[in-house]
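One structure is given here, and the rest of the page talks about it.
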Amino acid sequence: MTKKTAAGPTQRQLRVAEEIRHVLSGVFARAEFRDPELAAAHITVTEVRIAPDLKRATAFISRLGRSDVEALLPSLQRATPYLRGQVAKALRLRVAPDIVFQPDHALDYAMKIEELMHRPEIARDLGKG
């Protein structure tokens, strides 16, 4: 018996995750929320990862040019049933997945690296200065 190695997501997981990202992005773009904090927030869904059984989705979110996305997590938690309903209406799945929101810090990290790369001592070490 061979040992099974951990593989990446299946094509179905990737497709469903991208469809969920698209639906959530549309809902956030329309800003149809009762919560004024969410209605005024410009939220970007950068990525969605879904469990192999398609019952739990993690949506990574950010706010362009702002680093206060964590402050929106309680409001997003309250809006999750509405968002889950929107996903259920848009997709043909047996069960609408539970949605969990996580802040996406990848852009902040990339900007920090870019800033570091332009520091004089780093540029000198890289032979650019």
I need the minimum non-hydrogen distance between [X] and [Y], along with the two atoms involved.
X: Ala39; Y: Ala31; value: O-CB, 3.4 Å
X: Ala17; Y: Val48; value: CB-O, 3.2 Å
X: Ser75; Y: Leu38; value: O-CD1, 3.5 Å

Exercise for the section: Tell me, please, which residues at least two apart from Arg34 pass salt bridge (Lys or Arg N to Asp or Glu O under 4.0 Å). Expected result: none

Handout entry: salt bridge (Lys or Arg N to Asp or Glu O under 4.0 Å) partners of Glu37, counting only residues at least two apart
Key =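 Counting only residues at least two positions away or on another chain, Glu37 forms no salt bridge (Lys or Arg N to Asp or Glu O under 4.0 Å).
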
Heavy-atom side-chain contact between [X] and [Y] under 4.5 Å:
X: Leu73; Y: Gln102; value: no
X: Ile50; Y: Ile20; value: yes
X: Leu76; Y: Ile43; value: yes
X: Phe101; Y: Thr80; value: yes

Problem - Residues forming a side-chain hydrogen bond (donor to acceptor under 3.5 Å, both in side chains) with His118, sequence neighbours excluded - result: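 In terms of side-chain hydrogen bond (donor to acceptor under 3.5 Å, both in side chains), with neighbours along the sequence ignored, His118 is linked to Glu114.
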
Exercise for the section: State which residues pass side-chain hydrogen bond (donor to acceptor under 3.5 Å, both in side chains) with Gln13; sequence neighbours excluded, sorted by chain then number. Expected result: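 Residues passing side-chain hydrogen bond (donor to acceptor under 3.5 Å, both in side chains) with Gln13: Thr10.
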
Taking only residues two or more places apart in sequence, or in another chain, which ones meet [X] in a side-chain contact (heavy atoms from CB on, under 4.5 Å)?
X: Glu18; answer: Arg21
X: Glu19; answer: Arg15, Leu91
X: Glu121; answer: Arg119, Arg124
X: Asp98; answer: Arg84

Report the distance from atom [atom1] of [X] to atom [atom2] of [Y], rounding to the nearest 0.5 Å.
X: Arg63; Y: Phe28; atom1: CZ; atom2: CZ; result: 11.0 Å
X: Ile99; Y: Tyr82; atom1: CD1; atom2: OH; result: 11.5 Å
X: Leu72; Y: Ile61; atom1: CG; atom2: CD1; result: 6.5 Å

Handout entry: Sequence neighbours excluded - side-chain hydrogen bond (donor to acceptor under 3.5 Å, both in side chains) pairs with any residue from residues 41-51
Key =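 Passing the test, one end in residues 41-51: Thr46-Asp104, Glu47-Arg49.
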
Practice task
Could you name each residue pair satisfying salt bridge (charged side-chain N to carboxylate O under 4.0 Å, His left out) that touches residues 69-83, not counting sequence neighbours?
Solution key: Asp35-Arg78

Completion exercise
Quick note, salt bridge (charged side-chain N to carboxylate O under 4.0 Å, His left out) partners involving residues 51-62, not counting sequence neighbours, are none

Problem - Single-linkage hydrophobic cluster Leu93~Leu14, side-chain heavy atoms < 4.5 angstrom - result: no

Handout entry: Set of residues satisfying ring pair (Phe, Tyr, Trp, His ring centres under 6.0 Å) with respect to Phe60, sequence neighbours excluded
Key = none

Exercise for the section: Go through the steps to decide whether Val45 and Ser25 satisfy the test side chain to side chain contact (heavy atoms under 4.5 Å, CB included), and finish with yes or no. Expected result: CA-CA 6 Å; Val45 182; Ser25 294; 3.7 Å; yes

